[in-house]
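Quick notes on the structure that follows.
In what follows, every chain begins at residue 1, and chains take the letters A, B, ... in the order their sequences are listed.
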Amino acid sequence: MKKIWIVTVIVIIFQCGSVYTMVFNKLSIKKHGTPIKVRVEPIDPRSLFRGDYVILRYPFSSIKCEDVGLKERETHDLKNIYIVLKKRGDMWEYDRASVSKPEISHEEVFLKGAVVSDVFGYSGSLSIKYGIESYFVPEGEGRELEKSRERKNMDAEIYVDSKGCSLLSGLFVKGGEVNFGK
Amino acid sequence: MNKCPVNLYQWTWLKRHLEWWKSLNIISPEIAGKITDLYTFEKVPEKRQPSLSAPVKILTVFGSIFVGLGIILFISFNWKHMGPFSKIGTVSVLVFACHVAAALLYRKKYEKSAVSLSLLGNIIFGADIYLVAQVFNIISRFPNGIFLCAAGSALTVYLYRSRTNYYFTCALMIMWVLGESIGYKTANYLFIPALLLIMLPLGYWLKSRAGVVISLCVAWYWMIANSFIWVDTYLSIVQMMPAFLFGMTVYLCAYMHKDKETVKYLEPCYRWSGIVFMLLSAFAFANAGIFEDAKYILNNIKLPSLICMVLLLVCVAVLYGMYSIRNKDKIFIPLAVISALLLFFLPSMKYFKIIAVIPLAVLATGLYDKTQKPVFPILLSAYIPFYLFLYSIRWQSAPGIFSLLILAGVILYSFNWFVFKEGKIQLEYVYGYMGLGIVLFIFYIFSFNLEPVYKYRDFQKINFEFWIFWAFLFAASSAMVLKVFTEKEKPRLFEFLTLASGIVFSVLMALAAKLSYFSIYVSGISNIIIVVLSTGIIITGYRIDRIGLKITGFTFLILEIFSRYFDSGWDFLTRSLMFISVGLVLIIAGIALEKNKERLLIKGGI
């Protein structure tokens, strides 16, 4: 019977611990990272059990193979990619991309992205995920957001740390944060 | 003289064969009577050990799933009013509470209820991971979250020696492997330790045939997915080669289990999985490996793929050496290996689709010679219509394809009867329930309103080739069903009705494919058919005590009820409270049942 309690404690520590590790990882990005604003477009609201979330598409969500100096078929093994964003006014814009960790100036940040592609087929360009493509909203509001006229004028606030890890913090329209009643 | 007890199947087989031998004048009626006297059928239906474990398990497991879903929905509904940490905190407290309550129940010997609560804890743990993704607006690398949940769940498998948690873990592992391979280009080498340290050992430890088969299937899929990463995308022949060899290795692993008493029960799992893997891989060779030439392959193949193939070949050779020779198995394996190698080294050969059948034919013939079991030639013969059916997908007509599939299901069921007649009783499960399941599944698909789907697809590409193939299958299935049901001693009405309505429906579907629209009435008719037939199959299952029929009927009836509930009542009911309350009622009922099990069994006079 003692074994039951020992293993139960291990299970609880593992399950709760792994969740809190994820939480603290993300909080550390927010604490130590640089906040930047980039242009974004909500493209596809989905309704799951847990409410709606809006799929966000960034100007650098898809880049051409030539941008990283590779031909289409040479990108087959490419797993990660680094995108350099440069500050222009209040906004940060895509500047360049590389397959290795880039050297950056103080007016630049870099994001680490995973090259996403169906292993069963090729596409013309590289589709990249940074882990900041979804924004969760209360049920029913995702569709409203997608229909909104302001969807073309939307910005996202992102925290980026020195390793290129990112965290989506909020959505803005004309400088004001979109309030979802959180 | 003691009579030998036999079961229903053996009794039926014996009687049928005695009649046959008498008709051929091999034995006289007196000898037939003496042989019959050696066996007794009355003793066979041994009274099953009275047990309430199944209802307890069903109640508590479904209860846990409902409560888990309800909690996720509850947080979703109250999203606005809860802060990020209160959401995660609430769920974490629930994880803690579930596991502690499970341990307490386990100490009090309510083992099944304890397992269900630990399952609930695992489900909520999964929900917790997704909540973190939700709170921090991340969804990247979602497969990692699933793997984390699977690892947490595996610990509870060990804790309670629980099959329920093991199957939950297996389901998560499948989702993880699929997610990694479809969404990302990683080879996912973490799967190898996950397979060797979690899935397979736990399957052996729990003596779970299903678990071992699931593990093998996931490993086979992983092999294919990785082949696409290791090798250039268009080289299907090279990509499917490891998958084919993996199938062969799995098949040969059956020999390793055959000799050892402790793992003997796993032999059919390896044997059948291996055969299916080989068949499906060979199909993939045949379907797409036309335009590859040897030079192109050699220029594009990568080291991991070569290593993988060489290792698999070594495995095949070693296993063959160790086990096949001992079993005097000298014909089919070397020939199959040679055929497989030919497939690899002759990729430039045009129209080599036909070659893909060679290893299968060799395997089938060799196995038939060795075992005298017709199943292998039947499997080979099943491969050809299977291939033709998949080829028909190119005709781009959903009703047309489903029409063919429903006929294939009917034919499969009929195969079952002919094999059953030959005394290959175990094959009833392979063909019979698979065939019946396919027919019901097509009805289930058409129970949805598919009209919106049709608007976006061109279903008019039906050519002459399709109609010839369809007419052939239609004639074959009709003839076989008639033959089966005129030969049966006690025709099972609802099985016959299912197959007959399948044939009628196939005509409707084939016509609808030609007619450019498929009316909404079809979904109404399909709903009625599926309710009537699945209910009838359940009743038949209880009447003749066939677990396969009961499972088939219940599966489709429950699917139908849930589907229609989600169609119509989803937006009108308070989902979270409904799920939580139904789930809690089920769990409490399960615990109460387990608590009063002995008293109920005595009261019931069992």
Side-chain angles (χ1 to χ4, degrees), chain A residues 1 3-12 14-16 18-20 22-23 25-27 29-30 48-56 73 75-79 113-122 129-139 156 166-171 180-182, chain B residues 69 72-73 75-77 79-81 83-85 88 91-92 95-96 99-100 102-103 106-107 114 118 121-122 124-125 127-141 145 148-149 151-153 155-156 158-160 181-186 225-226 228-229 232-234 302 575:
Chain A
M1 278 304 148
K3 180 193 128 188
I4 292 292
W5 286 111
I6 292 170
V7 184
T8 301
V9 169
I10 293 171
V11 169
I12 292 170
F14 177 82
Q15 296 196 345
C16 293
S18 53
V19 168
Y20 286 111
M22 287 168 73
V23 171
N25 273 341
K26 288 298 158 189
L27 283 178
I29 295 176
K30 197 162 186 176
L48 294 180
F49 279 120
R50 56 190 188 279
D52 283 7
Y53 66 92
V54 183
I55 305 272
L56 301 174
R73 293 179 81 83
T75 61
H76 190 61
D77 290 334
L78 198 57
K79 292 183 181 73
V115 179
V116 183
S117 170
D118 189 340
V119 293
F120 303 114
Y122 281 121
K129 275 197 176 178
Y130 303 92
I132 47 175
E133 285 78 14
S134 48
Y135 193 84
F136 291 90
V137 297
E139 195 170 3
S166 48
L167 175 70
L168 175 60
S169 146
L171 292 179
F180 290 108
K182 270 189 180 179
Chain B
L69 279 174
I72 298 168
L73 289 168
I75 290 172
S76 163
F77 280 153
W79 187 252
K80 284 181 186 176
H81 314 296
F85 286 98
I88 296 166
V91 175
S92 299
V95 169
F96 177 83
H99 287 305
V100 170
Y106 194 79
R107 277 189 66 186
S118 72
N122 293 332
I124 297 173
F125 169 51
D128 215 356
I129 292 170
Y130 271 93
L131 262 179
V132 174
Q134 207 167 3
V135 167
F136 292 99
N137 294 308
I138 50 168
I139 203 158
S140 111
R141 304 300 299 186
L148 201 59
C149 189
S153 173
L155 284 170
T156 59
Y158 169 70
L159 180 55
Y160 299 110
S181 67
I182 293 170
Y184 298 88
K185 283 180 171 179
T186 55
N226 267 318
F228 280 83
I229 294 168
D232 197 292
T233 310
Y234 297 116
K302 289 174 188 168
R575 281 174 267 168

Measure distances from B:Ala102 to the heavy atoms of chain A and classify the residue's part below 4.5 Å as side chain, backbone, both or neither. neither

Residues at least two apart in sequence or cross-chain that pass side chain to side chain donor-acceptor pair (under 3.5 Å) with A:Ser18, listed by chain then number, are none

Per-residue contact mode, B:Ser118 against chain A (heavy atom under 4.5 angstrom): neither

Flag the pair A:Ile10 / B:Leu159 as yes when at least one side-chain heavy-atom distance between them is below 4.5 Å, and no otherwise. no

Using the rule given for side chain to side chain donor-acceptor pair (under 3.5 Å), can you reason through A:Tyr20 versus B:Ser92, listing the C-alpha separation, both sets of side-chain angles and the distance that settles it, and then say yes or no? CA-CA 9 Å; A:Tyr20 286 111; B:Ser92 299; 3.1 Å; yes

Apply side-chain contact (heavy atoms from CB on, under 4.5 Å) to residues A:Met22 and B:Leu148 and explain how you reach the verdict. CA-CA 11 Å; A:Met22 287 168 73; B:Leu148 201 59; 4.1 Å; yes

Minimum side-chain heavy-atom gap A:Val19-B:Ile129 below 4.5 Å: yes

Give a yes or no on this: more than 12 heavy atoms of other residues, nucleotides or ligands lie within 6.0 Å of atom OH of B:Tyr158. no

Measuring from atom CG of B:Leu155 to atom OG1 of A:Thr8, what distance do you get when rounded to the nearest 0.5 angstrom? 10.5 Å

Heavy atoms only: give me the nearest B:Phe125-A:Gln15 pair and the separation to one decimal. CE1-O, 3.1 Å

